[in-house]
Protein chains: 2
Amino acid sequence: MSRNQQINEEKKEERKKKILSGALKLFAKRGLVATKISDIAQETAMSQGLIYHYYNSKEDIYTELIKTAFKKLIEACYILEKTEATPKGKIIMAIEGLLKGLTDNEDTALYHLLIAQATVSDVTPNEARTIIKEHNTVPYDVMTRIFEQGQKDGTIYHHNARELSILFWTTINGLAIYKSSHGAKSFTPDLSIITSMFFKK
Amino acid sequence: MSRNQQINEEKKEERKKKILSGALKLFAKRGLVATKISDIAQETAMSQGLIYHYYNSKEDIYTELIKTAFKKLIEACYILEKTEATPKGKIIMAIEGLLKGLTDNEDTALYHLLIAQATVSDVTPNEARTIIKEHNTVPYDVMTRIFEQGQKDGTIYHHNARELSILFWTTINGLAIYKSSHGAKSFTPDLSIITSMFFKK
DNA sequence: GTCTATATCCAGATAGAC
DNA sequence: GTCTATCTGGATATAGAC
């Protein structure tokens, strides 16, 4: 690829990112169907036709966002699992990291909301649905393993580890959704309240 | 009103209930815009035109459901508050009742999901938005008061009571959303795990 | 009350000029 | 690459027969 081609490629990627970023806000808050291409065009200060220069359809943009959402989430999960720390330490890091993301970065809550919506909705495009099916269990699996290890070393309550994991993620999810409507800075719960669900005293 | 008129009124109410019940499932799972009147017609085995005999618009049906959702929720809150029980007892009853509703009654999770969606979305019709604004704080207020009382009698941790209340509801909400996609019977967390966020040991 | 047929509108996607 | 104009399909809501 020539030098110019490469610059153009980068410009193109920039534009695509801009579209995705505008679309994320809209999709998360309105859902796939209620978000119009004209909304995305307006949000990104492009013409309607130009959007189609970068993406073939509205559903493509949506699916791309779902891909990114899981990529970020799963990457964070694996990093967490590989960290040098006790299970209890990992759980604290997970909650801290997630709460920090939800308060400091507007997009974090939107990504959570997007995944929640896409998982629940039955108008989710097939390609996105497939991605969800393939990746959705990873965060649950990772947290289940960490809880199991914490039960072995005696720091975590002996409930079913899978259920603890589900409760962990549903709690985070509930918070993310609350923050999506009340604002990222609206409120951040005390770390110790959430951990008290899992840690022995 | 004559006897016949009264019977007709009842029949009419029956039909309206049937529409609402079908629409609840669809709205909760697809959102307002993605749900077509033809979907509701199919779900309730009526013709498309007939729906308009009972409701003036799709948004009217939606708004009616939001009204019902809050009516049920707020009524339960007030009953809880008036019950003869200690604050701790009330919190246990609340969680038990909510979990039971979420597992035994399909509609419960759907109502929670509907409220969550309508609160977050910015395509929610104005009338529905007004209802939310007027009623949304009630459940938070009621639980805040109960937590405060529990702090006075020494059974509840001394975190900010409002924040405990928000955490309480976001946790329930997260669970409701999980159940909406994984099925009402998919999993029910142990009562004691959730209460451990709030109760001193 | 219930249905079918249809007017009307609007959104997704495309075509083609620049 | 970017825009404007337009085609096309589909959804809301209405009209009118039964």
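Proteins get letters first, then strands, A, B, ... in listed order; numbering begins at 1 in each.
Rounding to whole angstrom units, CG of residue A/L50 and P of C/dT14 are separated by 15 Å. Atom CZ of A/R15 is separated from atom C1' of D/dG1 by 9 Å (rounded to the nearest Å). Between the CD1 atom of A/I61 and the C1' atom of C/dA13 there is a distance of 12 Å, rounded to whole Å. Computed from coordinates, the B/K16 NZ to C/dG1 C1' distance equals 14 Å when rounded to whole Å. Between A/Q42 atom CD and D/dT4 atom P the separation is 13 Å, expressed in whole Å. Following rounding to the nearest Å, A/K18 (NZ) and D/dG1 (P) show an atom-to-atom distance of 15 Å.
Under the 3.5 Å distance criterion, the side-chain polar atoms of B/S165 are left unmatched by any main-chain donor or acceptor of B/A161. Panel note: side chain A/K179, backbone A/S186; no donor-acceptor pair is recorded below 3.5 Å. Between the A/E59 side chain and the A/L32 main chain, no donor and acceptor come within less than 3.5 Å of each other.
Every pair passing ring pair (Phe, Tyr, Trp, His ring centres under 6.0 Å) that includes a residue from residues 21-42 of chain A is listed here, sequence neighbours excluded: A/F27-A/Y62. The ring pair (Phe, Tyr, Trp, His ring centres under 6.0 Å) analysis of residues 108-132 of chain B, with sequence neighbours excluded, yields no pairs.
Note that NZ of B/K11 and CD of B/E14 are 8.0 Å apart. Values are rounded to the nearest 0.5 Å. Rounded to the nearest 0.5 Å, atoms OG (A/S196) and CZ (B/F199) are 11.5 Å apart. How far CG of A/L110 is from CG of A/D107: 5.5 Å, rounded to the nearest 0.5 Å. Between the OG1 atom of B/T188 and the CG atom of B/D104 there is a distance of 8.0 Å, given to the nearest 0.5 Å.
Looking at heavy-atom distances under 4.0 Å, A/K11 makes no contact with the nucleic acid at all. Nucleic acid contact class of B/Y54 (heavy atoms, under 4.0 Å, all strands): sugar-phosphate only.
Not counting sequence neighbours, the partners of A/D39 by the side-chain hydrogen bond (donor to acceptor under 3.5 Å, both in side chains) test are A/R30.
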With 3.5 Å as the limit, what N/O pairs link the protein to nucleotides 12-14 of chain D?
from	atom 1	to	atom 2	distance (Å)
D/dT12	OP1	B/I37	N	3.2
D/dT12	OP1	B/K58	NZ	3.3
D/dT12	OP2	B/I37	N	3.1
D/dA13	OP2	B/Y52	OH	3.0
D/dA13	OP2	B/K58	N	3.2

Return the polar atom pairs (N/O with N/O) between nucleotides 16-18 of chain D and the protein under 3.5 Å, or none.
none

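Annotation: side chain of A/L114 is in contact with side chain of A/I66 (closest heavy-atom distance under 4.5 Å).
A heavy atom lying under 4.0 Å from DNA chain C marks none of the residues of residues 20-31 of chain A.
Look at B/H53 and you won't find any side-chain N or O under 4.0 angstrom from OP1 or OP2 of C/dT2.
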